[in-house]
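For reference, the structure discussed in these notes is given below.
Order of appearance sets the numbers: ligands from 1, and atoms from 1 within every ligand.
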Amino acid sequence: AVERTLSIIKPDAVAKNVIGEIYSRFEKAGLKVVGSRMVHLSQEKAEGFYAEHKERPFFKDLVAFMTSGPVVVSVLEGENAVAHHRDLMGATNPADAAAGTIRADFAQTIDENAVHGSDSPTSAAREVSYFFEEADVCPRTR
Ligand code: CMP
């Protein structure tokens, strides 16, 4: 089925100036960018986004990193978009990420791992609406 998923290009990848290279991978794979915005997250916005990780030992560092510089939040649309996007990203820990994936090519550590992607259609719905009004998502008609 055609799905939407949320993508975040994290502060490390923005700082490396590889926004376009990452977008190219989405586009070459057939995923369409239907929503896009650059934002410097507040602590409150980052904490709310990652609320499910609140009790994890890495939570504080995660929020500090995600607020350390601007990110690019995007809505990607395509067949099986949630899983397809996760395949393109590779494993959470770049050390485990398959060759040719975004994390293998652009990330060094699990904390600064270049990109985030929704992990299920249910979380995709929550994450897309956390950043985008429906009117700010632009489905492709051609
Ligand atoms: P992300 O997909 O954005 O979701 C939560 C983030 O926490 C994850 O990517 C990693 O960057 C970071 N993180 C740090 N340590 C861990 C860990 N042990 N397990 C999962 N995520 C971690």
Run the side-chain donor-acceptor check on residues 49-63: report pairs under 3.5 Å with partners two or more places apart or on a different chain.
from: His53; atom 1: ND1; to: Arg56; atom 2: NH1; distance (Å): 3.4

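- With sequence neighbours left out, the salt bridge (Lys or Arg N to Asp or Glu O under 4.0 Å) criterion links Arg86 to no other residue.
- Using a distance-only test at 3.5 Å, with no hydrogens or angles considered, no donor-acceptor pair links the side chain of Arg103 to the main chain of Ala95.
- Glu77 meets the salt bridge (Lys or Arg N to Asp or Glu O under 4.0 Å) test with Arg4; sequence neighbours excluded.
- Contact residues of ligand 1 (protein heavy atom closer than 4.0 angstrom to a ligand atom; sorted by chain and number): Lys10, Tyr50, His53, Arg56, Phe58, Leu62, Thr92, Arg103, Ile110, Asp111, Asn113, His116.
- Side chain of His40 to main chain of Val71: no donor-acceptor pair is present (N/O by atom type, distance under 3.5 Å, no hydrogens or angles).
- Looking only at atom types and distance, the side chain of Glu47 has a donor-acceptor partner in the side chain of Gln43 under 3.5 Å away.
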